[in-house]
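Below you'll find the structure, written out as structure tokens, and then a few comments.
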Amino acid sequence: MHMADALLSPAVGGTMWGVAAGTIAYSSMKVKKELDDRKVPLMGVLGAFIFAAQMINFTIPATGSSGHLGGGLLLTILLGPYAAFLTIASVLVVQSLFFADGGILALGCNIFNLGFFPAFIAYPFIYRRIAGNEPSKARLTAAAIIAAVVGLQLGAFSVVLETVASGISSLPFSTFVVLMQPIHLAIGVVEGLVTAAVVSFVSVARPEIIRGATESVSLGSLPLRNVFLSFLAATLLTGGIVSWFASENPDGLEWAIAKVTGSGEVTGAEDGVHGMLAALQEKIAFLPDYSFKENAAPAEEGVAYAGEAKGDEAARLGTSVAGGVGALICLTLAFFIGFVLKRRLVSEK
Amino acid sequence: MRSIDGAVLDLKRLDLLATGDSAIHRLDARAKVLTTLVFIVTVVSFNRYEFTALFPFFIYPVVIASLGNLPAGYIVRKISMVVPFAFVVGMLNPLFDRELFFHLGPFAVTGGWISCASIIIRTVLTVGAAFILVAVTGFLSVCQALERLGTPRTFTVQLLFLYRYIFVLTEEGARASRARELRSCGRKGLGLASFGSLIGHLLIRTWLRAERIHMAMLARGFTGEFHSRQVSGFGWGELFYLVGWSTLFVTLRMENAAQWLGRLVMGLLS
Amino acid sequence: MSHHIVEVKHLQHIYADGTVALQDVNFTIHHGESVAIIGANGAGKSTLLLHLNGYLTPTAGEIRIGDFPLTKKTLPEIRRTVGMVFQDADDQLFMPTVFDDVAFGPFNLGLPVDEVKQRVKDVLEQVGAAHLQEKPPYHLSGGEKKRVAIATVLSMSPDILVMDEPTSGLDPYARRQLLGLLRDFRHTRIFTSHDLDMVLELCERTIVLHRGTVKADGPTLEIFGDEALLAECRLEKPLSMQGCPVCGRGK
Ligand SMILES: Nc1ncnc2c1ncn2[C@@H]1O[C@H](COP(=O)(O)OP(=O)(O)OP(=O)(O)O)[C@@H](O)[C@H]1O
Ligand SMILES: [Mg+2]
């Protein structure tokens, strides 16, 4: 369920980065306030444990295929929401840097999808409500399954929203939803079963671990409202800024560049810096013409667009061939430069 | 899922590359982190039908990998492990986006195919940039950079602890699963109950280890605060690196250099 | 100095699951002594050591380090006095590089940066690990880890050095080096070990634990001479005291 950089637009990626960063900052503050310095090594080691656990596969009942633990819910049961959120986020950072699971820009999305829902929704509102303090095995299993399913459904839905909002994949919203939600229903059931199996094993073998964990998070004192409010504020802020950019010009970045370089309303001498900036602005205005104007939702404007497309086909082909040749040259050039640099480096030694 | 031992070895290899000593390695990590971010944002900011304009961006990973003296084969292999996933995702585009763009000989090229190719190139570029960042910087320095860029200490300490114990725990996990395999007489997979107890054991051992680490920390006067030394500074070199690359990326974002080059060469030839 | 006396009186420890790990343990260790605590697996050695720096609290009994009884208030002071090296070096080395790890303690003592750097350099040289300074601990071999782990404790200049199985997992050369290192340490040393030859070499006094109680406490040579005692406690004479298996002659 990891989002990848390649499917994201900067606006969506940036917004979610803001959201994730805000939640990390808030959780860090909370964890620090708890003053339980036992948690420092515990969070680290449990994060590493998730890596080890994800490498061991199990057989999914009644299917014969295999799966592995996600771990979000398990971590929250063991550590409580704030510490668990930080731990999940740290796992995702390492995965994005070392295993290319997700990507650097997609980190915000992934941290939110895989961390926020299990830690701040599924655990406090579902797992704890159902499981209570000393759950029977059946109750624990039910709580874990429902919580895992809800967490994953929300996460999967959020993946769909982020992908569709980015507009890089052409998958229509409805198809994507129909694809994602049922798959994650199944994954959620399995995740719940596995989480319950591990929790019940540990609560028999070392009851103090599970007991200590549940005691440290009393439900009443969970100020979820704060989390929601700060989360909402972060979204509005980043989302607002980014979409303001985006609405001015479909390609938000160009607009941003133009703003930053100050080419907006400034009128003045046509020479010197201003001249250059004016030229730059012209460039920007002209930009959408060399590529295809469409950015998102081509289906809606499909008809008009198709007509235009036919007339332009020859021109497009020309542009594309030139682009293709150029791309090849660029690639060759890049690798040639790399080769020369490396040769020089080696001969220096 | 990849084999456990393989994954650990791989991690160690990437980590060891960061101990190299080149001009790029010596740069302050903040410059490298920020440049990588600018790179990724510019690459993904292209609209989905942009394909050729992405190619000039290869200059960045290639130059850094060369200057950083990274083994090209290894980086290419690491990236190519991810490409199949991008391909699977990208392949959905031609199914839904059948609008004709142009004919290339007998082939009708639709928007879906172009955006599919675009997704793959984006993947190679963004994934490559991430790997190269780690290989010329090292995780420790990336974390320090994050902290100095404003990440809460609690979180960076968490990242460092996590990273430190990945090596210990994946080895422990590998031992446990090897022991199980040896006794499972070739049956693949693991039932839920035995998975629960295997992972449960691993979890308990992990927990006890955390208690011992905590004990070792207390024994050396830990009171909840981490102290660290400043390693490097953000100087003119770093500024130049960051601004130089960013300017190039933005320029490449606004001008399709591939298009220009192609026109130029084709003009010369005709 | 009466300062560095370790006094254990009627110590009892019962774990949460009801295991009685220690039962009425008594001894006094004076400054500068080098004492081995030996016993079979599960005899309670590690449990005993964990009481000496206050990680575990006695179920009953009392511990005094120097002039202080071990209480919550004296804990920070006692942890600075008692340097403890754990059985598994991976538990001890948690910081990202060897330097940071060795510097962790001195920084916590509030020393200025320059002094910390100097100390780190000194102790790493002392344990023969100066060249490892910038390495992350997961790139070290077992023996290197052990040496660095000892450096992390020495950097706090403890007055009492406590080590759980210091030589386990070391190759003969590294073990020899470690023995030299420990012999040079001027203050009180307390070890547990299954390496009885090391005990014989380093410790003039030995305490034998058996099922959580002190079975014997006396000069090392005397204890290793008592075959009945050793057999009862599931121990053997050190190899260097046994007859030569090739020529059959005793030592
Ligand atoms: N956390 C714990 N909870 C319950 N029992 C424990 C715990 N730790 C140790 N024990 C038990 O206490 C007893 C003493 O254990 P201890 O670790 O002190 O032995 P040891 O002498 O160090 O053994 P070894 O030579 O194997 O290191 C053992 O019976 C052990 O099973
Ligand atoms: Mg022991």
Side-chain angles (χ1 to χ4, degrees), chain A residues 5-6 8 10 24-25 28 31-32 37-38 41-45 47-49 51-53 55-59 66 86 90 97-98 100 103-105 168 170-171 193 197-198 201-202 205-206 209 253 291-292 295 313 316-317 320 322-327 329-331 334-335 338 341-342 345, chain B residues 1 4 11 40-41 44-45 47-50 52 55-56 58-59 62 66-67 69 82 86 92-93 96-97 102 112 119 122-123 126-127 130 134 152 154-155 158-159 161-162 165-166 169-170 173 177 189-190 192 195-197 199-200 203-204 206-207 209-210 213-214 224 258-259 261-263:
Chain A
D5 280 356
L8 267 184
I24 286 176
S28 295
V31 168
K32 211 171 147 84
D37 59 17
R38 219 168 47 101
L42 191 57
M43 284 162 57
V45 182
F49 160 82
F51 276 88
M55 287 168 172
I56 301 171
N57 286 355
F58 56 83
T59 318
S66 65
L86 291 179
S90 70
L97 287 177
F98 287 86
I104 293 181
L105 184 64
I168 305 292
S170 317
L171 215 54
L193 278 173
V198 175
F201 177 87
V202 175
R206 301 280 305 223
I209 290 181
L253 189 78
S291 67
F292 311 102
N295 221 358
E313 199 187 324
R316 278 188 190 176
L317 183 62
S320 301
V325 173
I329 298 174
C330 282
L331 208 57
F335 282 97
L341 283 176
K342 187 137 192 173
L345 222 72
Chain B
M1 201 67 208
I4 305 179
L11 200 64
I40 292 178
V41 169
V44 304
S45 72
N47 78 47
R48 75 166 116 156
Y49 297 122
E50 197 50 75
T52 56
F55 280 84
F58 274 101
I59 189 77
V62 171
S66 312
L67 287 179
N69 213 2
V82 190
L92 292 170
N93 281 7
F96 289 96
D97 184 356
F102 52 79
I119 286 177
R122 279 163 205 256
T123 306
T126 50
V127 166
V134 180
T154 313
F155 190 60
Q158 160 65 14
L159 283 171
F161 258 99
L162 162 70
Y165 284 97
I166 281 181
L169 284 184
T170 44
S177 96
L190 187 59
L192 272 192
F195 177 83
S197 70
I199 297 290
L203 177 63
I204 291 173
T206 306
W207 194 281
R209 181 183 292 281
I213 297 166
H214 182 233
Q259 197 81 244
L261 257 177
R263 286 235 166 85

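Numbers restart at 1 for each chain; the letters A, B, ... are given by sequence-line order, proteins then strands.
- The candidate from B:Leu261, B:Thr206, B:Thr123, B:Ile213 with the greatest count of non-hydrogen atom pairs under 4.5 Å with chain A is B:Thr206.
- Only the side chain of B:Val82 comes within contact range of chain A, with at least one heavy atom under 4.5 Å from a heavy atom of that chain.
- In terms of heavy-atom pairs under 4.5 angstrom with chain B, the leader among A:Ala205, A:Ser28, A:Ser170, A:Pro41 is A:Ser170.
- Between A:Leu105 atom CG and B:Arg122 atom CZ the span is 11.0 Å, to the nearest 0.5 Å.
- Contacts with chain B were tallied for A:Ser90, A:Ala53, A:Ala197, A:Ala25; A:Ser90 has the most, counting heavy-atom pairs under 4.5 Å.
- One finds the CG atom of B:Leu169 at 10.5 Å from the CG atom of B:Leu203 (value rounded to the nearest 0.5 Å).
- In this structure, the portion of A:Leu8 lying under 4.5 Å from any heavy atom of chain B is its backbone and not its side chain.
- Of the listed residues B:Val127, B:Ile59, B:Ile204, the one with more heavy-atom pairs under 4.5 angstrom with chain A than any other is B:Ile204.
- Taking CG from B:Asn93 and OH from B:Tyr49, the interatomic distance works out to 8.0 Å, rounded to the nearest 0.5 Å.
- Annotation: the span from B:Tyr165 atom OH to A:Met43 atom CE amounts to 15.0 Å, rounded to 0.5 Å.
- Side-chain atoms of A:Asp5 come within 3.5 Å of backbone N or O of A:Ile104 as a donor-acceptor pair.
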